[in-house]
Structure formats: C-alpha cells, structure tokens
Amino acid sequence: MTAPVRLIPTAPNADNIAIINIDNPPVNALSHAVRQGVIDAITQAEQDENIAAIVIYCQGKTFIAGADIKEFGKTPKEPHLPEVLQRINQCSKPTIAALFGTVLGGGFELALACHYRVAVRGTKLGLPEVTLGLIPGAGGTQLLPRIAGVELALTMITSGKPQKVEQLDSYGIIDFLINTDSSNKEHLLTETILFAKQLLEKNHASKIITQLPMILDSEQKEAAHLLCQQFRDKLAKKSRGQQAPQSAINSIENSFTLPLNEAMVKEREYFVACRGSTQSRAMRHAFFAEKMTAKLMHSGDTKPTPTDITSVAVIGAGTMGGGIAMCFANAGISVSLLEMSQSNLAKGINAIAKRYQQAEARGIMTKQKVNQCMALITGTCDYQDLAQVDLVVEAAFETMPVKQQIFSQLDKVCKPEAILASNTSYLDIDEIAKATTRPEKVVGMHFFSPANIMKLLEVVATKYTDAQTLTTAMALGKKMGKISVAVKVCYGFVGNRMYACYGREANMLLLEGATPQQVDNAMVQWGMAMGPLAVNDMSGIDIGYQARQANTERPDDPTYFGAADMLVEAGRLGQKTHAGFYQYDEKTNKRSPDDAAIKLINAHATKLGIKQRNDISDEEIQQRLIFALINEGAYILEQKIASRASDIDAIWLNGYGFPRHLGGPMCYADEIGLETVVATIKKFQQQSGNTYWQVAPLLEQLLAQGKKISD
Ligand code: T1G
C-alpha cells in the first residue's frame with residue numbers, strides 16, 4: 001500500500017516550491033499514517049535549502065475532511081494532531097493549504113494552522129465535532145477566534161454546521177479565492193503555486209499563530225464574555241443535555257483569557273474528556289449507524305446500480321403528498337402531482353407554495369430556489385399524464401381498497417419499468433403489490449411528517465420487490481437528503497410498530513393514575529424533544545384511533561390505548577378540537593393541563609377495573625416507555641424486519657426525535673446494560689401480568705452469551 005503522504009520537492013514551473021501531496025481515500029482523513037507522513041514531509045522540506053515554500057494539496061474529492069473517526073475507539077497513537085499542526089504553524093517556511101470540497105474538523109484546523117489558505121469556489125469549511133459529541137481537539141477553538149473573531153468561532157463550532165467560503169469572505173480566513181470550483185483541481189494547484197511564488201516575491205509576514213494573540217481591550221473582552229454567556233444559555237435549550245457545546249464555549253472563552261499554550265492544554269483536556277464520554281460514543285455510533293443504513297444486505301455479490309430517476313409522480317396532494325412532492329422538487333426532480341379534482345389539486349398546490357414562502361421568509365431557501373422548485377411541480381387530474389414517469393409515490397387515503405384501485409390503475413398507465421411506491425404507514429404492501437402485474441417493482445417509501453423536513457425514509461421491501469427496485473428507492477432517498485433505511489413488511493414496519501409500544505405504555509400509565517403532564521415531563525426530562533401525549537394531541541389522537549380500528553392484529557384488550565380511544569369517542573381529538581390529553585387556548589393554541597381530561601381518564605380506568613396508583617415515579621415512566629422500544633426492537637431484529645440494530649437506531653434518531661447523545665434505543669440498551677434491561681422488563685411483566693412484557697428471546701440469548709446488541 002503506497003504511503004498516503006508524499007513530498008514533491010519541486011512543483012511544476014516552480015523549482016523552489018514543494019508540494020505535500022496527501023492521498024488517503026475516501027476523504028483524506030487524518031489517520032495515523034497521514035499525521036506521521038505530514039510531519040515527516042514538513043521536516044524534510046524545512047531541511048531542504050532549495051525549498052522556499054510548501055503547498056499542502058490533496059488528491060480525491062475533498063481536502064482533509066477531519067480526523068479519522070475510525071480511530072476514535074482505539075488507543076490514540078502519536079503523533080497527535082495538535083503536534084502536527086504546531087509543526088506546520090511553526091515551520092520557518094510559508095505553508096499554504098490548497099482547499100476544495102468539504103474541509104472539516106481536523107482538516108479545517110490543519111488549514112488554519114497553515115500560514116495561508118487558498119480555496120476554490122463552493123469549498124465548505126466546518127468544525128462538526130459537536131455532532132460527534134466532541135470539540136475541535138487540535139486548536140480549532142484557539143485558531144478560529146484569532147483569525148476570524150470570537151462570534152464566528154462560537155457560531156461555527158457550537159452549531160457544527162459548515163459554511164461555504166463565499167459566505168466567509170469578510171473574515172480573513174481565505175487569503176485567495178480562485179474563480180473555479182472543485183471540479184478543476186489542476187487549476188487550484190496551479191493557482192496555489194502561483195500564490196506561493198508571489199508570497200516569496202513579497203516580504204511575506206508568515207502568520208505564526210503565537211504572533212496572533214487575541215488583543216481585546218477591556219470593552220471588547222466584556223462583549224466577548226457576554227457573547228459566550230448568550231451562547232451558553234441558547235445551547236442549554238437547543239442542545240439540551242449535551243456537554244460538548246458547553247465545553248466548546250469554555251474553550252473558546254479561554255482564547256481571550258489565557259495565554260495560547262495554556263488554552264491549548266485546556267482545549268486538549270476538554271477534547272479528551274468529550275472523546276471518552278458516553279455522549280460522544282453514542283453520537284459517533286449515530287454517525288456510523290446512518291452511514292451503514294445505505295449498505296444493503298444483498299443476497300449474492302450482485303450489487304445493482306440504481307436506476308436514474310429524473311421524473312416522478314405523487315398521487316394525492318394532501319399534507320403528505322405535498323411534502324413528498326417538495327422533497328423531489330428540492331432534489332431537482334420533476335414532479336407530476338395528481339389529485340382527483342381540480343379544487344383539491346389547487347388546494348394542494350397552494351399549500352406547497354405557502355410552505356415554500358415560509359421557507360423563503362425564514363431564509364432557509366432563496367427566492368430563486370423556491371421558483372426553481374415550484375417550476376418542477378405540475379398538477380394533473382389525468383392518470384394518462386403519468387405514462388412516462390420513472391417512479392410514482394402514492395400518498396392517498398390509508399385504506400386498502402383505495403390503494404389497490406390506485407395501483408391497479410397505475411399499473412395500466414405507467415411504463416413497464418416504472419417503480420410504483422406507496423407511502424402507507426401501516427398497510428400490507430404485499431397486498432398492494434398483488435393489485436399490479438409488476439409486484440417486483442412495488443416498494444414502500446414511508447416518509448415522516450412533515451415529509452419535506454424529516455430526514456427519515458423507511459424503504460419497505462415486499463416479498464416481491466427486486467434488488468434493482470430496492471436499490472433505486474434507497475438511492476433516491478439519499479438524493480433527497482434522506483436517511484434511507486431498508487425494512488420489511490409488518491404492521492407499522494419498524495418505526496411505527498415500536499412507537500405503538502411506546503404509546504401503549506404511556507396510555508397504560510394514564511389509566512394507572514399518572515397525569516398527561518407527568519408522563520410528558522418525565523420523557524422530556526429523559527431527553528425526548530416532546531412528550532408522547534403532547535405529540536399525540538398535535539398530530540390528532542383520531543389518527544392513531546382510526547389505524548387501531550382498522551388493525552386486524554389489534555390486541556383484544558380494552559385497556560390497549562384505552563385512554564386515547566375513550567377521549568376520541570368523547571370528541572376530544574387533540575389540538576384540532578382544542579381538547580385532547582390537554583386543553584388548548586382557542587386563540588393562541590397554548591397547551592395546559594386539563595382536569596376534565598384527567599377525570600375522564602380516571603373514570604374510564606375505574607370502568608375497566610384498573611386500580612389507580614399514586615406512586616408512579618418518573619423513572620418508571622421512562623423505563624416503561626424506553627424499554628418497550630428496546631424489547632420491540634429486539635423482536636423486530638429476530639423477525640428480520642430490520643437487518644441491523646444500528647438501522648433501528650438510525651430510524652429513531654431521524655424519525656422520532658430520540659436524543660442523539662443517547663445514540664438510539666438499541667445503543668442505549670447496550671449503554672445501560674442488557675442485565676438491567678432484561679431484569680426490569682421481567683419486573684414489569686410480573687407487575688402488569690399482561691403479555692406485552694414478554695422479554696424478547698434475543699435479549700435473553702445475548703445476555704446469556706455475555707454479548708451486546710451491537711455485537
Ligand atoms: N473519518 C473516517 N472515515 C470517514 C470520515 C472520517 N472523518 N468521514 C467520512 N468517512 C467515510 C465514510 O464512513 C464513508 O466510508 C466514506 O468516507 C464516504 O463518506 C481533531 C476530532 C466528508 C461530508 O465529522 O461529514 O476532526 O462507507 O458516504 O456523502 O478536531 O462523510 O465508503 O467505507 O459520508 O460524500 C470531523 C464526517 C471528524 C466529517 C463526505 N469530520 N464526514 O460525505 O460521503 S472529528 C467529520 C462527513 C475531528 C478534530 C476532530 C461526510 C463527508 P465507506 P460519505 P459523502
């Protein structure tokens with residue numbers, strides 16, 4: 001295997017300029033070999049009297065995209081990245097980074113440690129460490145404030161969001177912006193070498209970081225402290241429970257209160273503490289879990305190439321259909337939106353336009369992008385207009401006869417190779433496929449509301465779906481910026497099947513005497529963004545009610561979702577009727593506890609013969625809801641409805657707001673230990689006496705073997 005770093009002592013047409021050439025696919029991550037290679041190359045270049053300047057350049061699709069996260073779980077090997085960056089920065093000869101692609105984490109820190117930075121248009125710079133439960137660990141919290149100021153450092157580091165070099169023009173991070181893009185790397189190298197030559201002709205002041213102290217007068221320092229506190233308060237809410245953003249702010253604050261070398265030591269301490277934390281382990285698991293979902297378990301070694309999808313149709317212009325149409329348009333794919341009547345179609349198109357206007361008003365989309373997307377969406381009431389589309393997503397009424405009728409009609413009209421997908425949440429897609437002459441081309445594409453916002457896409461393979469169709473649907477999800485997860489057919493597939501267990505326990509606790517606010521507060525305290533009952537009121541309790549009424553597999557047990565069903569039958573559907581588990585102000589829609597709801601629930605519990613308890617703890621609420629998820633997830637793995645435990649985690653992180661710093665239900669089970677999970681489930685089984693708490697055999701098996709779910 002060739003070394004990933006090579007020193008080229010003389011650049012083309014520039015005898016005294018060397019190139020450190022990094023070639024470590026796929027993203028030039030700063031593996032141990034790269035770190036060692038860069039140090040060796042800098043040392044060699046410094047000793048070579050013919051070399052007057054050094055360009056750091058990368059092969060492949062991007063400049064260094066960060067530390068090698070595959071190394072995180074292992075014992076770190078020297079040289080550590082801060083040592084490499086100090087070597088670059090202290091180099092006696094000017095070092096110039098040639099930037100393109102996604103310059104992230106340690107890659108951006110390495111660029112900041114260079115004396116100069118040259119970039120092509122569209123290059124993204126970012127410090128995403130907080131998304132991995134980390135902070136920049138190689139000087140980023142010290143270099144970026146010194147070069148670009150405290151406020152930008154706080155914004156970029158605590159959000160983890162990359163920014164394009166064009167957006168950062170005024171911050172002095174990039175010394176020369178080349179008017180080309182990442183596709184023209186030869187031009188980047190040529191221009192960087194020219195830039196280096198010009199540096200040498202001028203008496204360049206190589207910007208050694210130690211010569212860049214944070215010179216703030218007392219007023220500026222006070223303003224900077226205030227800014228740090230404002231970020232602390234904001235992130236205590238926005239990234240509730242997460243340690244890394246708070247550590248990052250503390251380290252950035254050291255950049256203007258401590259000497260550089262002391263601040264660098266503190267930064268390393270914060271970084272090492274974060275790297276060893278359960279939160280970072282969970283967030284790194286989440287990162288890899290989301291990467292793994294794309295890797296389908298193919299039978300045999302034929303990995304089909306996804307069909308290129310350039311035109312699609314969406315059946316149904318309701319909330320889901322409209323959101324799905326937006327997903328395709330946002331990805332540059334033309335969409336025919338079909339409705340049964342012109343008035344419904346007009347309503348649907350107007351609703352889409354309104355959502356785009358809101359996105360523009362919030363600065364999420366430019367007017368130009370909104371116009372481009374709207375131009376890609378055309379309405380029709382005629383199935384004949386769908387004859388040439390590559391793929392259809394049906395998002396019509398959630399009843400089997402309606403869907404079978406639609407698929408039968410699509411089968412007649414669409415070209416033979418067109419893929420026919422359903423957005424159904426619960427119905428048996430095997431049965432839907434049978435309504436066509438092309439069952440192998442039928443698949444589920446289950447979006448989550450709001451479809452144009454939520455990242456999760458469950459791609460449901462029926463027993464007929466062929467590999468080409470499945471691969472194409474998965475790739476199409478990625479093209480739309482979704483996390484596509486391949487699942488199999490069962491009631492509720494993976495996410496909603498588990499969510500039903502979570503809701504079942506929330507309802508059972510109400511019948512046992514807990515109040516809606518107690519259940520919700522316990523889950524928010526645990527880390528969920530919202531409590532299950534407030535969520536239920538928001539989406540409408542009647543949605544689940546109708547699904548349960550239609551579910552032939554529903555348990556024959558009046559206590560099953562007893563509270564929810566009773567409220568619906570009492571006309572309390574949630575926010576839309578200003579009364580559900582809570583009451584809602586008719587003008588402001590503000591949610592508040594409702595004694596009337598509690599009285600109705602208690603009366604219903606008495607009718608069902610359920611004894612009320614006043615000793616329900618937050619911990620019991622949290623364990624019953626979360627362990628219900630874990631147990632059902634284990635059954636789902638046993639039944640091969642999901643192919644990996646990490647796929648289940650990716651579903652819950654991207655479809656249900658599971659706290660990212662807890663990694664997903666299956667990751668969380670491993671973190672607290674299967675012994676605790678199994679023992680507690682058995683306790684609930686004895687306490688409840690019902691069949692819901694049968695421990696999944698897989699959990700018992702793993703426990704007996706001393707294994708984890710992730711093994
Ligand atoms: N290390 C190792 N492998 C990585 C990697 C990384 N940093 N980033 C991506 N990969 C692998 C990925 O697993 C996949 O592998 C392949 O590259 C293509 O990825 C010290 C401590 C760069 C925007 O967080 O955001 O630096 O599955 O499918 O869609 O302060 O990958 O093919 O075998 O995502 O074009 C900071 C994370 C680390 C960057 C490319 N850096 N990566 O997206 O391709 S912490 C990050 C990404 C750090 C310092 C700290 C994206 C990407 P495989 P992909 P893509």
Side-chain angles (χ1 to χ4, degrees), residues 4 22 24-35 38 58 60-74 76-77 79-86 88 99-113 122-144 153 156-164 182 244 247-248 251-252 264 267-277 280-281 283-296 303 455 474-475 477-484 644 646 650 660:
I22 298 172
N24 184 31
V27 297
N28 290 309
L30 284 159
S31 62
H32 173 254
V34 171
R35 299 195 301 275
V38 169
C58 289
K61 67 178 183 178
T62 177
F63 188 81
I64 301 162
D68 188 338
I69 38 191
K70 295 190 180 79
E71 290 183 355
F72 277 135
K74 301 168 189 154
K77 279 165 74 180
H80 299 310
L81 195 52
E83 185 190 337
V84 179
L85 272 54
Q86 195 174 39
I88 292 171
L99 306 179
F100 66 104
T102 47
V103 183
L104 302 174
F108 187 19
E109 290 174 298
L110 186 144
L112 290 169
T123 301
K124 286 184 181 173
L125 308 177
L127 292 168
E129 286 83 346
V130 290
T131 63
L132 298 168
L134 301 169
I135 73 163
T141 65
Q142 304 306 311
L143 306 180
L144 192 54
M156 290 190 77
I157 292 172
T158 59
S159 70
K161 287 199 173 66
Q163 294 196 35
K164 282 192 176 168
S182 294
S247 298
S251 192
I252 292 165
M264 290 290 280
E267 180 193 77
R268 193 73 191 163
E269 285 169 7
Y270 281 126
F271 171 75
V272 171
C274 285
R275 185 178 62 191
S277 70
S280 183
R281 269 201 303 279
M283 294 173 89
R284 294 193 312 261
H285 163 83
F287 173 83
F288 281 111
E290 290 164 354
K291 295 290 168 212
M292 282 304 283
T293 60
K295 295 183 181 0
L296 288 174
K303 188 174 175 244
K455 285 194 75 172
M474 293 286 287
K478 178 163 184 175
K479 187 173 180 181
M480 291 187 280
K482 302 286 182 186
I483 300 283
S484 302
R644 299 184 195 90
S646 61
R660 197 165 183 84

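One-based numbering, in listed order, for ligands and for the atoms of each. As a basis for the values below, the full set of heavy atoms in this structure was taken, side chains included, without hydrogen atoms, waters or symmetry mates.
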Trainee: If you count the atoms of ligand 1 from 1 in the order shown, which ones are under 4.0 Å from a heavy atom of Lys70?
Mentor: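 In order of numbering, the contacting atoms are 2 (C), 3 (N).
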Trainee: Identify, for atom 17 (O) of ligand 1, the protein heavy atom at the shortest distance, and state residue, atom and that distance.
Mentor: Pro26 CG, 3.1 Å
Trainee: So does Lys455 have more than 12 non-hydrogen atoms from other groups sitting under 6.0 Å from NZ?
Mentor: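 Check fails, neighbour count at 12 or below.
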Trainee: Measuring from Leu127:CG to Leu112:CG, what's the distance to the nearest 0.5 Å?
Mentor: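 Here the rounded value is 7.0 Å.
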Trainee: In the protein, what heavy atom is nearest to atom 35 (O) of ligand 1, and what distance, to one decimal place, separates them?
Mentor: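 Going atom by atom, the protein heavy atom closest to atom 35 (O) of ligand 1 ends up being Lys61 NZ, 2.8 Å.
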Trainee: Give a yes or no on whether a salt bridge exists between Arg35 and Glu71, defined as a side-chain N under 4.0 angstrom from a carboxylate O.
Mentor: yes
Trainee: Which atoms of ligand 1 have any heavy atom of Leu81 under 4.0 Å away?
Mentor: 20 (C)
Trainee: Check ligand 1 against Asp68 and write out every atom of the ligand that is under 4.0 Å from a heavy-atom position of the residue.
Mentor: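 Checking each atom against Asp68, I get 1 (N), 2 (C).
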Trainee: Taking only heavy atoms of Pro136, which atoms of ligand 1 are found under 4.0 Å from at least one of them?
Mentor: 30 (O)
Trainee: Give the atoms of ligand 1, by number and element, whose distance to some non-hydrogen atom of Phe287 is under 4.0 Å.
Mentor: 37 (C), 42 (N)
Trainee: Please tell me if atom 3 (N) of ligand 1 is touched by the protein, where touching means a protein heavy-atom distance below 4.0 Å.
Mentor: yes
Trainee: Would you say atom 44 (O) of ligand 1 has a protein heavy atom nearer than 4.0 Å?
Mentor: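 At least one protein heavy atom is under 4.0 Å away.
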Trainee: Check whether any side-chain heavy atom of Leu110 sits under 4.5 Å from a side-chain heavy atom of Phe63, and report yes or no.
Mentor: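 Of all side-chain heavy-atom pairs linking Phe63 with Leu110, at least one is under 4.5 Å.
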Trainee: What's the shortest distance from atom 6 (C) of ligand 1 to any protein heavy atom, and which residue and atom give it?
Mentor: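 Sorting protein heavy atoms by distance from atom 6 (C) of ligand 1 puts Ile69 CG1, 3.3 Å first.
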Trainee: Side chains of Lys70 and Arg284: closer than 4.5 Å at any heavy-atom pair?
Mentor: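 No - every pair of side-chain heavy atoms lies 4.5 Å or more apart.
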Trainee: Contact between Phe72 and Leu134 at the side-chain level, heavy atoms closer than 4.5 Å - yes or no?
Mentor: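 Result yes, sub-4.5 Å side-chain heavy-atom pair found.
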Trainee: Return the residue, atom name and 0.1 Å-rounded distance of the protein heavy atom closest to atom 50 (C) of ligand 1.
Mentor: Glu129 OE2, 3.3 Å
Trainee: Taking 4.0 angstrom as the limit and counting only heavy atoms of Lys478, give me the atoms of ligand 1 inside it, by number and element.
Mentor: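 Here the atoms of ligand 1 in question are 28 (O), 29 (O).
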Trainee: Give me the nearest non-hydrogen protein atom to atom 30 (O) of ligand 1 as residue plus atom name, then the distance to 0.1 Å.
Mentor: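 The answer is Glu109 OE1, 2.6 Å.
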Trainee: Need the ligand 1 atom indices (1-based, order shown) with element for anything under 4.0 Å from a heavy-atom of Gly106.
Mentor: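 The atoms of ligand 1 under 4.0 Å from a heavy atom of Gly106 are 26 (O), 48 (C), 49 (C).
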Trainee: Which option out of Ala294, Gly139, Ala67 puts a heavy atom nearest to atom 26 (O) of ligand 1?
Mentor: Ala67
Trainee: Backbone, side chain, both or neither: what part of Phe72 comes under 4.0 angstrom of ligand 1, heavy atoms only?
Mentor: side chain
Trainee: Suppose we measure from atom 27 (O) of ligand 1 to each protein heavy atom; which comes out shortest, and what is that distance?
Mentor: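 Looking only at protein heavy atoms, the one closest to atom 27 (O) of ligand 1 is Lys295 NZ, 2.7 Å.
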Trainee: So which of Asn28, Val27, Thr102 gets nearest to atom 23 (C) of ligand 1, if we judge by its closest heavy atom?
Mentor: Thr102
Trainee: Heavy-atom contact check, 4.0 Å cutoff: does Gly137 meet ligand 1?
Mentor: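 It does, in that a heavy atom of Gly137 comes within the 4.0 Å cut-off of ligand 1.
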Trainee: Any idea which protein heavy atom is nearest atom 46 (C) of ligand 1, and the distance to it?
Mentor: Ala65 O, 3.7 Å
Trainee: Tell me: protein heavy atom nearest atom 34 (O) of ligand 1, and distance?
Mentor: Lys291 NZ, 2.5 Å
Trainee: Can you confirm whether Leu125 sits close enough to Gln163 that some side-chain heavy atom of one is under 4.5 Å from a side-chain heavy atom of the other?
Mentor: no
Trainee: If you count the atoms of ligand 1 from 1 in the order shown, which ones are under 4.0 Å from a heavy atom of Gly66?
Mentor: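 That gives atoms 26 (O), 41 (N) of ligand 1.
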Trainee: For atom NZ of Lys482, is the number of surrounding heavy atoms from other residues, nucleotides or ligands below 6.0 Å larger than 12?
Mentor: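 Buried by this count: over 12 neighbours within 6.0 Å.
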